[in-house]
Amino acid sequence: MTQNTPHRPLAVVVLAAGQGTRMKSSLPKVLHRIGGRPLVGHVLDTALALSPDRIVVVVRHERDLVAGAILETVPDVVVVDQDDVPGTGRAVEQALDALDDDFAGDVLVLSGDVPLLDADTLAALVRAHRGGAVAATVLSATVDDATGYGRVIRDADGTVSRIVEQKDATAEEASVTEINAGVYVFEARALRTHLALVGTANAQGEKYLTDVVRLLRDSRLAVAAASAPDAGAALGVNDRVQLAEAARLLNARTVRRWQLEGVTVLDPATTWIDVTATLAPDVTVLPNTHLLRATVVGEGATVGPDTSLVDCEVGENAVVTRTDATLAVIGAGASVGPFAYLRPGTYLGAKGKIGTFVETKNSTIGDRSKVPHLSYIGDTTIGTGVNLGAGAITANYDDIAKHRTEIGDEVHTGSHNVFVAPVRIGDGAKTGAGAVIRKDVPAGALALSVAPQRNVEGWVEKNRPGTGAADVAAKARSAQKADDGAQEEDR
Ligand code: UD1
Ligand code: CA
């Protein structure tokens with residue numbers, strides 16, 4: 001039986017005002033991406049999953065850029081600007097000003113640069129906090145290398161006494177391997193009153209949020225530390241080495257999730273799947289494959305090796321091999337590659353084929369239609385059951401404007417054709433090898449544009465005497481003559 005307890009409000013504060021100096025980047029740190037999303041986007045996603053009453057994000061460095069990215073992900077968050085006083089404590093202090101004065105719930109503080117914590121871990125942290133008579137609960141983790149993190153210092157009896165930043169730590173404090181994950185739950189009123197007491201007398205001259213822990217203890221209020229079940233998920237991203245590590249851990253988690261949903265991933269280490277991509281059961285992903293942004297892969301399809309799909313849709317049972325594709329739709333049972341380049345606006349129908357060394361752009365290739373070899377197809381509509389010969393080129397650009405090529409159903413073209421757009425090929429038409437199609441071809445017609453072949457007998461012997469070619473040609477011609485003579489006698 002569930003009891004009707006009164007709703008205790010929860011506000012989430014996300015810290016995203018820092019510059020991220022150690023990234024050495026013109027892009028603000030929290031906008032660096034892993035798994036196809038900015039770091040702060042992952043944090044917001046997790047915050048949303050907790051369904052809090054309020055989400056407040058604190059910004060300062062490149063505030064328009066950061067606020068823009070945040071509001072794009074979650075339109076109804078409150079964005080607060082941090083003033084010139086630096087430090088995580090000041091950031092939270094100003095976030096609290098955006099809450100009602102009488103806000104009497106809990107505040108969950110998240111760092112915009114700690115992207116891997118999942119909603120279950122945070123919900124457990126909030127529950128643990130609410131279950132104990134404490135003013136604050138710190139999420140901690142025990143790590144092999146604590147470099148750069150604040151250390152959780154406990155009293156002899158194990159109670160949390162304070163958090164010391166690496167730069168302010170004595171050698172003994174620095175040897176502690178229990179670190180502050182930068183994620184906390186605070187009782188809102190205690191947080192507000194104690195933040196007001198935090199100064200900036202420390203190695204970095206910043207108003208540290210972590211100092212609140214010591215001040216709460218000074219006020220005889222208890223602080224707990226809850227250990228993260230997965231220490232790796234507490235990873236904070238301060239430099240590009242940690243960025244790559246976070247990307248790798250997130251990707252391993254994403255790959256594993258799809259494997260458990262029935263996807264075969266041959267080599268998880270070289271397979272990169274954005275958190276926004278979707279895969280159906282019985283998809284096979286071969287090594288060195290990147291499935292990015294809103295890519296969707298249908299049941300039974302095989303993708304890779306050496307393939308990168310950005311915002312693509314791959315139909316059921318399609319096979320995509322050694323291909324680079326962006327904003328392309330590949331039909332069910334279709335085959336693409338090896339070595340194909342599909343640019344935006346490519347639509348390949350069911351059981352169609354885009355083959356080897358083929359580039360396509362802004363083109364529709366109908367069901368069962370094939371562009372098998374060495375082709376450029378741009379601004380083109382191709383009907384169903386078409387086969388384009390090797391080396392088909394649509395000349396879609398005349399230096400001024402782009403023009404369309406329209407090819408009907410069941411058209412078969414010869415090798416090495418150029419279609420000079422705008423041009424239309426009617427249903428069932430054919431073209432000869434080497435044709436340059438400048439005029440529309442009516443349905444069912446055969447279009448030839450190459451001049452009839454003329455052989456100039458003996459040209460090589462006459463014009464290139466003494467060359468190897470002339471020697472063998474002379475021999476071949478006399479043998480042919482002898483042969484013709486013998487046949488004449490036989491008659
Ligand atoms: C912080 C903690 C440290 C903890 C670590 C966990 C403090 C003083 N230290 O250190 O104990 O182990 O996180 O990853 O809190 N930010 C602001 N405004 C500021 C400064 C920072 O919003 O004025 C934001 C940053 O954008 C970032 C987060 O707060 O998202 C943490 O800041 P950062 O400078 O990376 O703190 P750390 O040195 O990692
Ligand atoms: Ca950090």
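Ligands are counted one by one from 1 in listed order, and the atoms in each one are counted from 1 as well. Treat the numbers as computed from the prediction; the structure is a model and nothing was measured.
Between Y149 and ligand 1, no N or O atom pair is found at a separation short of 3.5 Å. By the 3.5 Å distance cut-off applied to N or O atoms, Y208 is not counted among the residues near ligand 1. Any N or O atom pair closer than 3.5 Å counts here, and V30 shares no such pair with ligand 1.
Residue N238 counts as close to the Ca ion (ligand 2), with an N, O or S atom under 3.0 Å.
Residue contacts with ligand 1 for R22 involve side-chain atoms from C-beta outward but no N, CA, C or O (heavy atoms, distance under 4.0 Å). For K29, every heavy-atom contact with ligand 1 shorter than 4.0 Å involves the side chain, none the backbone. Using a 4.0 Å cut-off between heavy atoms, R90 makes no contact with ligand 1 at all.
L388 is listed as a side-chain neighbour of I377, based on a closest heavy-atom distance under 4.5 Å.
Using a 4.0 angstrom heavy-atom cutoff, Q204 does not count as in contact with ligand 1. Put simply, no part of I179 is less than 4.0 Å from ligand 1, judged by heavy atoms.
Those atoms of ligand 1 with a heavy atom of A181 less than 4.0 angstrom away are 6 (C), 14 (O). Set against the non-hydrogen atoms of R60, the atoms of ligand 1 under 4.0 Å away are 23 (O). Less than 4.0 angstrom separates some heavy atom of E165 from each of these atoms of ligand 1: 2 (C), 3 (C), 7 (C), 8 (C), 9 (N), 10 (O), 11 (O).
Annotation: atom 24 (C) of ligand 1 to nearest protein heavy atom, L15 CB, 3.6 Å.
Distances from the Ca ion (ligand 2) to the N/O/S atoms of D113 are shortest for OD2.
Between the side chains of N251 and T254, no donor-acceptor pair of N or O atoms lies under 3.5 Å. Donor-acceptor pairing under 3.5 Å is lacking for the side chains of T394 and N396.
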